[in-house]
Colleague: 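Sharing a structure, written as structure tokens. Questions coming.
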Amino acid sequence: MEPPSSSRLWASLWTFIKFLPYFCGLFILGLIKGVLLCPWACLIMAIGISALILGLWPMHLIWTYYCIIRTRMVGPVVKLLLLVAATVVMILWLIVGIPGSILAGLLYGFLAPIMATFDAVGEGKENTFVHCFVDGTWGTITGSCTVVRDLKDMLFHSYFSIMDDLRLQTPPCGKPYEIRLLDIPGALLSAACGLILDVIMFTLIAIYKCPVMLFKGWKRLIQDLIGREGPFLETACVPFAGLAILLWPFAVLGAVLASILSSIPLGLFGAVVAYQESSVVMGLSYAVSSVSIFDEYTNDVLDMAPGSCFPRLKYRKQKNEGSSHGGQLSKPGSFDKENQEGKKPLNRVTSFKNSMDEFNPFKMLDHLFAECKRQGEVLVNEGVITMKDIQETKSGKVGSGVLNVGLPAYVILNALLRSAKSNSNGLILSDGTEITSDNRPKSTLFDWFFDPLMIIKEQIKAENFTEEEEEYLKMRVLMVGEPSNLKGTLPHVPSLNERKKAEIDAFARRLQGITKSISRYPTSKRRFDVLVKSLLSELERTMGGSAPANGSQALRLRGGIARMLSQKSIGKTANIMDEDPEAQVTRKARTP
């Protein structure tokens, strides 16, 4: 960074001085609103969350024990360990949950009005004077209720969905997972040694490097303040960025404490390595190597000399484990100076607000549900989604219905097909926006979904489905259930053999599994409720206010769409009832 000129320096300082009274006024106003609203928000969240925890705790405890005992995924020894661990977790949930709800209510009720006050004067806001007083008042109260509702959805829907998977799933290899008892003593010895070594060494490394983090952080923040770059570019963010300068020593202290705490799971992971490799030596080698890994990682973060002075031992028996043996850690291209020669240096953040407007998981979730609403209305008008599907979702059958699993999977499949046909390296949304590895949300949670979707996209591209096969795949993804139970609703495609159908069924199960996982996350259940209301109103409008309530008419509507797709695939105008006797028999059996 080039040092700013003297005129630019004095102009920035004068702007900062002029903004100081403005900031003080907004901060005092937000502080007043925070003090007034904090008790009410705390009361709502404390009572609501505590009632949910206490009311559902006995049922959660009993159902957890029942699912662990009935599961076929693990053997008796693992079940015993899981029962002990579940008991500890449930007791801690009861002890930590209620005080945590009070603390969360205090923090949210106090900070939300302050943040909303500063956000009211951001760029593009109109009538800022009124919004300074109004924003963060009623919104804080409704936000507290929303937090309680989302937690209720997690404790009711997400919990039981996860436990049902644990209870009903079978092990992939047909044999339950079991612990090798003979390897347990060596694993415990590796965990004990790794914990002692890592806690001591991580603490020493963190204390040794904390002055570097302190002064380098101050230098970077002061440069951004003088040059009005980074977090100091947006007016609404200047107060908090300035506060970061004052509180930076506490951030450094928090980083040191986090480093010390991270040594505990990393040290205990030596037990996992020793158990997986059936070798105490490998577990102890990992404990030594983890110190080198941590030292090199902190050097990269603090922009210090690469590498580490600590030894890196081999702790995996497989030869293809490149990062498990001695030698320097292969760093990503962003840290490799040799790979950066001749390349354009990375641009610094020019706008805090713009960086927040990039793709993030919540915006992606908003887009998913917006597309579910748009494409769901089209499917309702075509008769594919019926009153029966909507009633199943309203009755609480979330995670197993057409709307909750099939429709999101249908939307994702359309995006995958669109991306595969365009030879895109990422995912192309309906509005033409492309999500790639460069602009995708940088979160591990998003990677759990994005990476499998990219694999499915490449597999779809390799299959080179015909138009009729794509229509079959779409209907198979939308209609949740076993293929044998969907013969009357799926289109008939003569070109599909048994191998092709099995591949399509595998694609459908994987996409439905991904959307089933999405339905378990916070805010998803609430968004599904809004989607159901929208599709219900669209269905009533389509049916002229007299939507069919029985299931037979719903099946006839869906069967009509399936026959239209089947007729399209055959390329004839003949009646599909004459060409598909099985569908005809199924339809007659279901028609009153």
Side-chain angles (χ1 to χ4, degrees), residues 332-334 346-347 354-379 384-385 399 402-480 503-525 527-528 530-531:
S334 59
L346 294 175
N347 293 328
N354 291 338
S355 65
M356 293 298 291
D357 288 338
E358 293 178 355
F359 289 114
N360 58 73
F362 291 102
K363 290 186 68 174
M364 297 302 303
L365 198 61
D366 291 337
H367 179 83
L368 174 63
F369 280 95
E371 272 300 293
C372 286
K373 181 178 183 298
R374 186 183 68 82
Q375 298 189 27
E377 291 176 352
V378 174
L379 294 173
V384 181
I385 294 179
V402 172
L403 294 186
N404 309 290
V405 177
L407 183 56
Y410 180 85
V411 171
I412 295 175
L413 175 62
N414 285 328
L416 293 176
L417 291 173
R418 189 185 309 115
S419 305
K421 293 177 180 179
S422 302
N423 290 323
S424 171
N425 293 327
L427 191 65
I428 300 179
L429 305 181
S430 59
D431 57 359
T433 305
E434 184 178 11
I435 304 175
T436 63
S437 58
D438 296 329
N439 62 355
R440 69 176 183 177
K442 300 300 187 291
S443 78
T444 305
L445 185 63
F446 185 80
D447 290 342
W448 290 348
F449 299 104
F450 187 80
D451 293 339
L453 288 178
M454 292 299 98
I455 296 175
I456 296 176
K457 184 199 70 173
E458 294 300 326
Q459 293 174 344
I460 290 176
K461 185 188 300 185
E463 290 292 338
N464 194 19
F465 290 120
T466 63
E467 184 178 353
E468 293 80 11
E469 292 171 347
E470 287 182 4
E471 295 295 340
Y472 182 90
L473 176 59
K474 290 180 182 179
M475 290 295 295
R476 179 64 185 89
V477 167
L478 182 64
M479 303 303 169
V480 179
E503 292 175 352
I504 289 178
D505 291 339
F507 284 130
R509 286 192 298 269
R510 291 166 65 185
L511 286 173
Q512 291 168 357
I514 290 175
T515 55
K516 188 175 182 181
S517 300
I518 293 175
S519 69
R520 296 170 178 169
Y521 287 120
T523 75
S524 294
K525 177 62 167 59
R527 296 168 189 264
F528 274 122
V530 176
L531 176 64

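The residues of the chain are indexed from 1 along the displayed sequence.
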Colleague: Less than 4.5 Å apart, any side-chain heavy atom of Asn414 and any of Glu371?
Modeller: no
Colleague: Is the NZ atom of Lys461 crowded by more than 12 outside heavy atoms at less than 6.0 Å?
Modeller: yes
Colleague: I want to check something: taking the side chain as every heavy atom from C-beta on, are Leu427 and Ile412 in contact at a cut-off of under 4.5 Å?
Modeller: no
Colleague: On a heavy-atom basis, which atom in Lys457 and which in Asn425 lie closest, and how many Å separate them?
Modeller: NZ-C, 3.6 Å
Colleague: Supply the atom-to-atom distance Leu416 CG to Ile455 CD1, rounded to the nearest 0.5 angstrom.
Modeller: 12.0 Å
Colleague: Does some side-chain heavy atom of Ser424 sit less than 4.5 Å from a side-chain heavy atom of Arg418?
Modeller: no
Colleague: How long is the straight-line distance from CD of Glu503 back to CZ of Phe465, given to the nearest 0.5 Å?
Modeller: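 Output value for this atom pair is 6.5 Å.
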Colleague: Under 4.0 Å between a Lys/Arg side-chain N and an Asp/Glu carboxylate O for Glu377 and Lys373?
Modeller: yes
Colleague: Ignoring hydrogens, what is the shortest heavy-atom contact between Tyr410 and Val477? Give both atom names and the distance.
Modeller: N-CG1, 3.6 Å
Colleague: Could you give the distance from CD1 (Ile504) to CE (Met475), rounded to the nearest 0.5 Å?
Modeller: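 Going from CD1 on Ile504 over to CE on Met475, the span is 13.0 Å.
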Colleague: If you define the side chain from C-beta out and look only at heavy atoms, does anything of Phe369 sit under 4.5 Å from Val530?
Modeller: no
Colleague: For residues Thr515 and Val405, report the shortest heavy-atom separation together with the two atoms involved.
Modeller: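 Closest approach of Thr515 to Val405: OG1-O, 3.1 Å.
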Colleague: Hey, does Leu511 have a side-chain heavy atom less than 4.5 Å from the side chain of Leu453?
Modeller: yes
Colleague: Quick one: pull up CG in Leu429 and CD1 in Ile435 and give me the separation to the nearest 0.5 Å.
Modeller: 4.0 Å
Colleague: Between CD of Glu467 and CD of Glu470, what distance do you get to the nearest 0.5 Å?
Modeller: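 Result: 7.0 Å between the selected atoms.
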Colleague: Are any non-hydrogen side-chain atoms of Gln459 and Arg510 less than 4.5 angstrom apart?
Modeller: yes
Colleague: Could you check whether any side-chain heavy atom of Arg527 comes within less than 4.5 Å of a side-chain heavy atom of Cys372, counting everything from C-beta outward?
Modeller: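 When only atoms from C-beta onward are counted, Cys372 and Arg527 do not touch, as no gap falls below 4.5 Å.
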Colleague: So which atom in Glu434 and which in Gly426 form the shortest heavy-atom distance, rounded to 0.1 Å?
Modeller: OE2-N, 3.9 Å
Colleague: Find the distance between CD1 (Ile456) and CD (Glu463) and round it off to the nearest 0.5 Å.
Modeller: 12.5 Å
Colleague: What's the verdict on side-chain contact (heavy atoms from CB on, under 4.5 Å) for Leu473 and Glu469, showing C-alpha distance, side-chain angles and the deciding distance?
Modeller: CA-CA 6 Å; Leu473 176 59; Glu469 292 171 347; over 6 Å; no
Colleague: Heavy atoms, side chains only, cut-off 4.5 Å: are Arg476 and Gln512 in contact?
Modeller: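 Yes, side chains in contact.
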